[in-house]
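What follows is a single structure, written as structure tokens, with notes after it.
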Amino acid sequence: MIIKGQKIDDRYQIVRTIGEGGMANVYLAYDTILDRNVAVKVLRGDLSDDDKFVRRFQREAIAASSLSHPNIVEMYDVGDDDGKYFIVMEYIDGKTLKSLIKKRGALTISEVIDIMLQLTSAVSCAHDSYIIHRDIKPQNVMILEDGRVKIMDFGIAMALGSNELTQTNSVMGSVHYLPPEQANGKGSTMKSDIYSLGILMFELLTGKLPFKGDNAVEIAIKQMKEPIPSVCKINSNIPQSLENIVLKSCAKNPKNRYDSVKEMREDIEKCMEPERQFEERYVYKYPEQDLEETKVMPPIKDDKKENGNSKNKKDKKKDKKTNKILVIVGSICLLLATIIGVITLILPKLTKVKEVKIPDVKDMTVTQAEAALRKEGLEVEAKVEEKYDDKIDDGKVIKTSPDIGRTVKQGISITLIVSKGKEGFELENYEGQNYLEIKGRLEGKGIKVHPNEIEITEETNDQKDGMITGQSVDAGKTIKKGDSITLTYTKLVDAYPDFSDGSWTVDRIQTFCDEHDITLTVNEKEDDTKPDGTIIYQSRDPKSKIESPSTLRIEVTKKPEEKKEDSKEPSKEDEKTE
């Protein structure tokens, strides 16, 4: 028994059990060397002593290790740890295709085509390496959140060159997807995988299995004898070209199937082309013969003598005794048949479980939902699943599993999915960070951001343009989608320069004013101590904010005008005086 925390090969630490199979158990494990989650398949303890099973298990590893394809689960390692034979594989965090079908029923045509193209690509890759899967079914197909599918469990796959086929091999595949030749005990070929793919495609298109029965034998007989039902009759929206792929894949006679998975994939790629809109129903070229061999009873020898002598008395007495026994046995058989008939016809009616619709418990509290479900005769799982939801309040029911409105049998257990409210997160300290960057990040999470600008006229080491200087909700507090926060940040605005620093001229100041919608007034002042044109005054302080439109007055120096001396000629009277 492998338990949580136990290490396989002193490397793979077991986290939990993922699944249990007929041949091996699968565990989620942590690779302590490569720091990643992996899936570890360990041969069951009661089989590890069986050489045949061990050889089959090791063949799985050899076969799988040669495959590299994006739609095939990758295998990392294989080994033996103190008698525990194991295989380490890629861990796929997703759901099986079977669980998706159970949840949704029939998928859309585009979804089916996408999934089948991925599956046929993967199986074609395996066939190129002469490997048959032998157990294709939706339980062995994982589907990821992004829609990718991956085939897993090549536990029955074996190289075509191997000539060993045990009885266990011939019946291990799920009977619902078992090809007629395999159900009849014959060997599998690549065309056997094509048949299983066809059955899987039927189930994706209809949400149902084509052949049902009370036991595996009954289903196997139907696989061998009954034709595949029409998907077009089940859903009239399915085009005939798509049904033809199912018909050709699921032919009883392998000669009527596709010659290869590649051929099947090419047909899937082209099935929705306009020219195939009115395609006729596929007709089998070869007869769909009964593949079950008919056993012929040997002829009964006539031991009567030719002379026709009558039996002696001893023989007659023996015949009477035999006849009496036959009558008694016949009576007993008749009585048993009657009892079985009564049980078959009446007992199901007496034991039939009533079907009910799952009531709408959305937006109810857990207590209210449990009461409503139990009223309909349904059980409720003790443990609820919790999810964030933007519309449903914390503690209220979002949905159920199975879904609300689905018809189920009374007594089935229902899981409640309960809201944890809006998804929240812890705020950081945004001071010193760029406003636009933080605003975009918060709005991407559904937070409303209100701006609060602080204008600055120049940048410093402590204040840069667009830098957050404060926030209305403190760091460390939880905020949820739809909540608001105010971010205070700096905004660099245009400011008046110092025109008197010696680098400015009147013409340059005029250009500056024109660009900022400022009316300039220039006053000249005589000054013989400074160079002509020196700016000595400005009406707006340097580094003050520019408001547009506005006015600006400056004073510039100019040299004073020179005074002219009087040059009058001396008069005659002056001359006389002299």
Side-chain angles (χ1 to χ4, degrees), residues 1-45 47-48 56-103 114-115 118-119 121-123 125-126 129 131 133-157 172 174 200 383 385-387 401 415:
M1 178 69 181
I2 297 178
I3 59 174
K4 180 180 178 180
Q6 183 176 344
K7 277 189 180 180
I8 302 293
D9 200 28
D10 199 28
R11 173 176 177 178
Y12 307 106
Q13 190 167 18
I14 301 300
V15 177
R16 59 181 169 86
T17 302
I18 297 175
E20 297 179 354
M23 190 178 75
N25 297 331
V26 186
Y27 303 90
L28 169 63
Y30 172 69
D31 185 342
T32 57
I33 294 178
L34 295 180
D35 188 25
R36 64 183 177 185
N37 287 332
V38 293
V40 179
K41 179 180 285 188
V42 181
L43 187 64
R44 270 181 29 205
L47 297 177
S48 58
R56 282 184 52 228
F57 194 74
Q58 290 172 333
R59 275 201 304 271
E60 171 183 352
I62 295 168
S65 64
S66 66
L67 299 177
S68 179
H69 191 277
N71 298 116
I72 295 177
V73 173
E74 188 176 353
M75 194 197 75
Y76 299 137
D77 191 12
V78 60
D80 171 16
D81 181 15
D82 194 22
K84 296 184 183 72
Y85 295 92
F86 66 88
I87 293 175
V88 182
M89 301 170 292
E90 173 187 7
Y91 171 63
I92 306 298
D93 187 11
K95 297 181 179 179
T96 66
L97 201 54
K98 189 68 175 180
S99 64
L100 179 65
I101 296 170
K102 282 183 178 179
K103 184 178 180 180
D114 178 50
I115 290 171
Q118 293 184 66
L119 291 179
S121 176
V123 176
C125 171
S129 298
I131 295 172
H133 191 288
R134 294 175 179 262
D135 196 21
I136 294 173
K137 56 186 178 183
Q139 293 92 326
N140 279 340
V141 178
M142 298 294 293
I143 184 160
L144 285 70
E145 289 292 332
D146 60 5
R148 282 184 300 144
V149 298
K150 282 182 175 277
I151 299 181
M152 60 181 181
D153 195 1
F154 274 79
I156 301 169
M172 275 192 69
S174 176
L200 190 150
K383 188 176 181 180
E385 290 184 18
E386 293 185 319
K387 290 185 178 180
S401 179
T415 300

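- Contacts of Glu90 classified as salt bridge (charged side-chain N to carboxylate O under 4.0 Å, His left out), with partners at least two apart in sequence or in another chain: Lys150.
- Taking the side chain as every heavy atom from C-beta outward, Gln13 and Thr32 approach each other to under 4.5 Å.
- By the neighbour-count criterion of 12 heavy atoms within 6.0 Å, atom NZ of Lys4 is sparsely surrounded, having that number or fewer from other residues, nucleotides or ligands.
- Salt bridge Lys84/Asp82: absent, no basic N to carboxylate O contact under 4.0 Å.
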With side chain to side chain donor-acceptor pair (under 3.5 Å) as the criterion, how do Asp77 and Tyr12 come out once you've worked through the C-alpha distance, each side chain's angles and the decisive distance to 0.1 Å? CA-CA 11 Å; Asp77 191 12; Tyr12 307 106; 2.8 Å; yes
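- Taking CG of Asp135 as the reference point, atom CE of Met152 lies at 10.0 Å (rounded to 0.5 Å).
- Taking both residues in full, the closest heavy atoms of Val78 and Ile87 are given as CG2-CG1, 4.0 Å, listed atom of the first, atom of the second, then distance.
- Taking 4.5 Å as the limit, every side-chain heavy atom of Ile3 sits out of range of all side-chain heavy atoms of Ile14.
- Counting heavy atoms from C-beta on, the side chains of Lys98 and Lys137 never come closer than 4.5 Å.
- Atom CD of Glu74 and atom CD1 of Ile72 lie 10.5 Å apart (nearest 0.5 Å).
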Would Asn37 and Asp93 count as a side chain to side chain contact (heavy atoms under 4.5 Å, CB included) here? Give the steps. CA-CA 10 Å; Asn37 287 332; Asp93 187 11; over 6 Å; no
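- Here the CD1-CG distance, from Ile151 to Asn140, works out to 9.0 Å after rounding to the nearest 0.5 Å.
- Considering CG of Asn71 and CD1 of Ile115, their distance stands at 11.0 Å, rounded to 0.5 Å.
- A donor-acceptor pair is defined here as one N or O able to donate and one able to accept, closer than 3.5 Å; no such pair exists between the side chain of Asp31 and the backbone of Arg36.
- Between His133 and Val123, every side-chain heavy-atom pair lies at or beyond the 4.5 Å cut-off.
- For the pair Ser121/His69, a side-chain contact is recorded, criterion being any heavy-atom separation below 4.5 Å from C-beta on.
- Residues Leu200 and Pro138 approach most closely at CD1-N, 3.7 Å, considering heavy atoms.
- Residues Leu119 and Ile136 have side chains not in contact (no heavy-atom distance under 4.5 Å, counting atoms from C-beta outward).
- The neighbour count for Lys95 NZ, taken as heavy atoms of other residues, nucleotides or ligands under 6.0 Å away, does not exceed 12.
- The shortest non-hydrogen separation linking Ala39 to Ile18 is CB-CD1, 4.4 Å.
- Contact between Thr96 and Ser99 at its shortest, heavy atoms only, is O-OG, 2.7 Å.
- Classification of Arg11 and Asp9 as a salt-bridged pair fails, no side-chain N sitting under 4.0 Å from a carboxylate O.
- Scanning all heavy atoms of the two residues, the minimum distance from Phe86 to Asp80 falls at CE2-N, 3.6 Å.
- At least one side-chain heavy atom of Ile92 sits under 4.5 Å from a side-chain heavy atom of Leu144.
- Summarising the geometry of Val40 relative to Ala29, their closest heavy-atom pair is CG2-CB, 3.7 Å, with the distance given to 0.1 Å.
- Tested against Lys41 for a side-chain contact (heavy atoms from CB on, under 4.5 Å), the candidates Val26, Val88, Asn25 yield a single pass: Val26.
- A search for salt bridge (charged side-chain N to carboxylate O under 4.0 Å, His left out) contacts involving Asp35 returns nothing, not counting sequence neighbours.
- Rounding to the nearest 0.5 Å gives a distance of 9.0 Å between CG of Leu34 and OH of Tyr76.
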